*Asks:* 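Following this message is one structure expressed as structure tokens.
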Amino acid sequence: MPEPVTQTLDVPGATLTYDVRGDLTNRPVLLMIGSPMAASGFPTLASHFADRTVVTYDPRGVERSVRHGELSELSPEDHAADLAALIEHLDAGPVDIFASSGGAVNALALTARRPDLINTLVAHEPPLAAILPDSENALGAVADMYETYQRDGMGAGMAKFIALVGFDGEIPDDYTQQPAPDPAMFGLPTEDDGSRNDALLGQNLRGCTSYQPDFDALAKAKDRIIIGVGEESTNQLAGRGGHATAARLGLTPVTFPSGHGGFLGNEYGQPGKPAEFATTLRAALTH
């Protein structure tokens, strides 16, 4: 696979950094996105698509994509506008998109507002807590996590995040009354360094999980949408968000190998099953 060529794009309130592997005339271009996962999460998966032109990017406020001005919370609509600007800047549409987690939420927002830019979207485990049967408890757990982060810092907030995303099944009524997880259990700092600019906990968490997709608009493009869930994470919050999204659209979700980060090849120290995952993704993109 060609080495990535890195460039930047100025958008309102941010400068986005993106990478292109291959020739943009090789259509359809394959865009791989997460949120707040950056391009650094996709080298292994991209390597399994050497025959495709692959574009990755850092969402605004993450790694190389710098925000300007006040660091207010972001919504999937904000990210959808960035994605539309990137695709149009590259003159690459309509594109294939593999979108993971918060990236899947953002890609659904993009598809609802700009279906003309989408060839096929594979949305893998969108953590849409607001559309779950237990949405009140799930969003209550998110609110508690955000408040913990604002009060006690990143370690305490991230420990609650890890516990929530790995929880199997519906969130019980007494979830937030249970003892808080120890950050040290996850190798997280136990001291508060005073910063409150974490891209996940401070900027994207609430907007992503509370998002209500425009299912009427998405229904008009459902022939271009595939919802993915992880074999090992199907009953966790993001996997359940995938099932709920598929049900609203009348789609059958595709089961992908491994869990929520099944495409990772040890990026961030999280080994998935990237070769098997890529095989399933390739089949989904040629549905």
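Since the model is a prediction, treat every value here as computed from it, not as a measurement.
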*Asks:* Listed by chain and number, what are the side-chain hydrogen bond (donor to acceptor under 3.5 Å, both in side chains) partners of Asp193, not counting sequence neighbours?
*Replies:* Ser195

*Asks:* With a 3.5 Å distance limit and no angle check, can you tell me whether Ser65 reaches the backbone of Asp58 through a side-chain donor-acceptor pair?
*Replies:* yes

*Asks:* Tell me if a side-chain donor or acceptor on Thr111 pairs with a main-chain N or O of Ala107 at a distance below 3.5 Å.
*Replies:* yes

*Asks:* Measure from the side-chain N and O atoms of Arg113 to the backbone N and O of Glu77, and report whether any donor-acceptor pair falls under 3.5 Å.
*Replies:* yes

*Asks:* With rounding to the nearest 0.5 angstrom, report the CG to NE2 distance, Leu110 to His79.
*Replies:* 12.5 Å

*Asks:* Side chain to side chain donor-acceptor pair (under 3.5 Å) between Glu276 and Ser258: does it pass, once the steps are laid out?
*Replies:* CA-CA 9 Å; Glu276 297 93 329; Ser258 190; over 6 Å; no

*Asks:* Using only atom types and a distance under 3.5 Å, with no angle test, would you say the side chain of Gln203 pairs donor to acceptor with the backbone of Leu71?
*Replies:* no

*Asks:* For Ala129, is there any backbone N or O sitting under 3.5 Å from a side-chain donor or acceptor partner on Arg240?
*Replies:* no

*Asks:* Would Phe277 and Phe98 satisfy ring-ring contact (aromatic ring centres under 6.0 Å, His included), going step by step from the backbone distance to the final call?
*Replies:* CA-CA 12 Å; Phe277 194 102; Phe98 168 69; 5.5 Å; yes

*Asks:* Just by distance, no angles: are the side chains of Asn119 and Asp96 close enough, under 3.5 Å, to form a donor-acceptor pair?
*Replies:* yes

*Asks:* Should the pair Asp51-Arg282 be classified as a salt bridge under the 4.0 Å nitrogen-to-oxygen rule?
*Replies:* yes

*Asks:* Does Tyr149 use its side chain to pair, donor to acceptor, with the backbone of Arg196 at less than 3.5 Å?
*Replies:* yes

*Asks:* Using modelled atom types and a 3.5 Å cut-off, is there a donor and acceptor pairing between side-chain atoms of Thr53 and backbone atoms of Asp23?
*Replies:* yes

*Asks:* Under 3.5 Å, side chain of Lys222 to main-chain N/O of Leu249, donor-acceptor pair present?
*Replies:* yes

*Asks:* Using every non-hydrogen atom in the two residues, find where Ala163 and Tyr175 come nearest and quote the distance to one decimal.
*Replies:* C-OH, 3.6 Å

*Asks:* So that I can tick it off, tell me whether Asp78 and Arg67 are bridged by a salt bridge, with the cut-off set at under 4.0 angstrom between side-chain N and carboxylate O.
*Replies:* no

